[in-house]
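Okay, structure first, notes after.
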Amino acid sequence: LMESITVQVLLDHLALPKAGNSANDYEDAAFPLDAPVTPVTRFRAAIADGATESSFAALWARLLVEAFVQKRLLVRSQRLLTQLAVLHQTWRQAAASKPLPWYAEEKLRDGAFCAFLGLELAEGRRGNTWQAWAVGDSCLLHVRGDTLLVAFPLTTAEAFNSRPLLIGSQVRFHAEAVGAMHRTHGAWQPGDRFFLLTDALAAWFLAAHAAGDNPTATLEGLLADRDTDASAAWLADTRRARHIRNDDTTLLRITLLGTPGDA
């Protein structure tokens with residue numbers, strides 16, 4: 001009998017709002033937050049970063065990440081516009097159900113905008129593979145041991161700017177977002193970690209990495225301290241020092257453990 005590897009996925013998550021904001025003002029999204037109980041041969045995860053100046057951005061971010069993980073989004077590029085249109089209808093119905101002042105009604109016409117990053121991990125006959133898709137400036141880091149193997153879609157802190165192309169909720173913006181979608185792929189080994197980060201934390205990481213620091217260890221420490229005030233204190237200090245932009249901050253770590261089994 002051939003020995004196979006089934007993937008045991010471990011998930012860790014950190015979500016902190018902008019300084020001065022409450023958790024209710026947080027407009028990012030990550031999904032899933034709970035790892036599968038049993039080993040799997042395929043796994044999806046995603047994060048999205050809602051643009052603060054847009055309307056109902058947190059709702060749009062949540063719809064995008066859940067649809068991707070549930071395979072209702074990004075199945076094939078030909079179907080993507082149709083899938084986004086379905087999500088737009090869901091977003092519009094939910095947003096329209098809330099009473100709004102006139103100026104918010106005006107803003108609603110432009111809709112919501114999000115950066116998006118989705119990761120799919122698979123184990124099969126071709127080995128252990130991964131694919132990632134991104135629109136905007138949320139980033140994936142593939143780490144093995146202490147080595148950063150891949151940063152995607154941006155690779156330097158200088159590549160970040162204040163106007164990334166995002167996925168809009170309104171149908172008239174969908175074709176441009178599909179055209180701007182980046183895709184990459186690679187192979188993973190048991191023990192590898194994938195970090196999904198929204199832009200402010202990703203830009204800080206890439207700057208620290210370029211400076212020869214060990215930002216991976218800092219991310220690991222933030223996740224270890226997420227149930228205390230230590231991670232929030234580190235973020236507040238780093239923002240005050242202007243080493244990281246004041247923005248909603250989301251971090252999702254996926255750790256892959258191989259479990260030998262018989263096939």
Any chance CD of Gln70 has more than 12 other-residue heavy atoms, nucleotides or ligands included, within less than 6.0 Å?
yes
Does His174 use its side chain to pair, donor to acceptor, with the backbone of Gly168 at less than 3.5 Å?
yes
Under a 3.5 Å distance rule, please check whether Thr238 uses its side chain to pair with a backbone N or O of Trp234 as donor and acceptor.
yes
Residues forming a salt bridge (charged side-chain N to carboxylate O under 4.0 Å, His left out) with Asp199, sequence neighbours excluded
Arg245
Quick one, Pro17 and Ser22 - any side-chain contact, counting heavy atoms below 4.5 Å?
no
Kindly say whether Asp247 contributes a backbone atom to a donor-acceptor pair with the side chain of Thr249 at under 3.5 angstrom?
yes
Stepwise ring-ring contact (aromatic ring centres under 6.0 Å, His included) check, Phe116 with Phe68:
CA-CA 10 Å; Phe116 171 84; Phe68 174 82; 5.6 Å; yes
Are the side chains of Thr52 and Lys18 in contact, using a 4.5 Å heavy-atom criterion?
yes
Lys/Arg N to Asp/Glu carboxylate O, Arg42 vs Glu120, below 4.0 Å:
yes
Looking at residues at least two apart in the chain, or sitting in another chain, which of them share a salt bridge (charged side-chain N to carboxylate O under 4.0 Å, His left out) with Glu220?
Arg193, Arg253
Compute the ring centroids of His142 and Trp130, then answer whether they are less than 6.0 Å apart.
yes
Atom pair CD1/CG of Ile254 and Leu140 - distance to nearest 0.5 Å:
7.5 Å
Lys/Arg N to Asp/Glu carboxylate O, Asp110 vs Arg172, below 4.0 Å
yes
Rounded to the nearest 0.5 Å, how far does CG of Leu63 lie from SG of Cys114?
9.0 Å
State the CG-CG distance between Asp192 and Leu149, to the nearest 0.5 angstrom.
6.5 Å
Asn161 atom CG, neighbour heavy-atom count above 12 within 6.0 Å:
yes
If only atom types and distance count, is the side chain of Trp91 paired as donor or acceptor with the main-chain N or O of Phe56 below 3.5 Å?
yes
Indicate yes or no for a side-chain donor-acceptor contact from Ser138 to the backbone of Ala134 under 3.5 Å, with no hydrogens or angles considered.
no
Hey, could you give me the CZ/CG distance between Phe194 and Leu119, rounded to the nearest 0.5 Å?
6.0 Å
Who are the salt bridge (charged side-chain N to carboxylate O under 4.0 Å, His left out) partners of Asp225, not counting sequence neighbours?
none
Check: His13 and Thr250 side chains under 4.5 Å, non-hydrogen atoms
yes
Any side-chain to backbone donor/acceptor pair from Asn128 onto Ala187? Under 3.5 Å, distance only.
no
Nearest heavy-atom approach of Phe43 to Ala45 is CE2-CB, 3.9 Å
Taking atom types as modelled, is there a side-chain donor on Arg183 or Gln131 under 3.5 Å from an acceptor on the other?
yes
Using modelled atom types only, decide if a donor and an acceptor are shared between the side chain of Trp188 and the backbone of Glu123 within a distance under 3.5 Å.
no
Thr198-Asp49 side chain donor-acceptor pair, cut-off 3.5 Å:
no
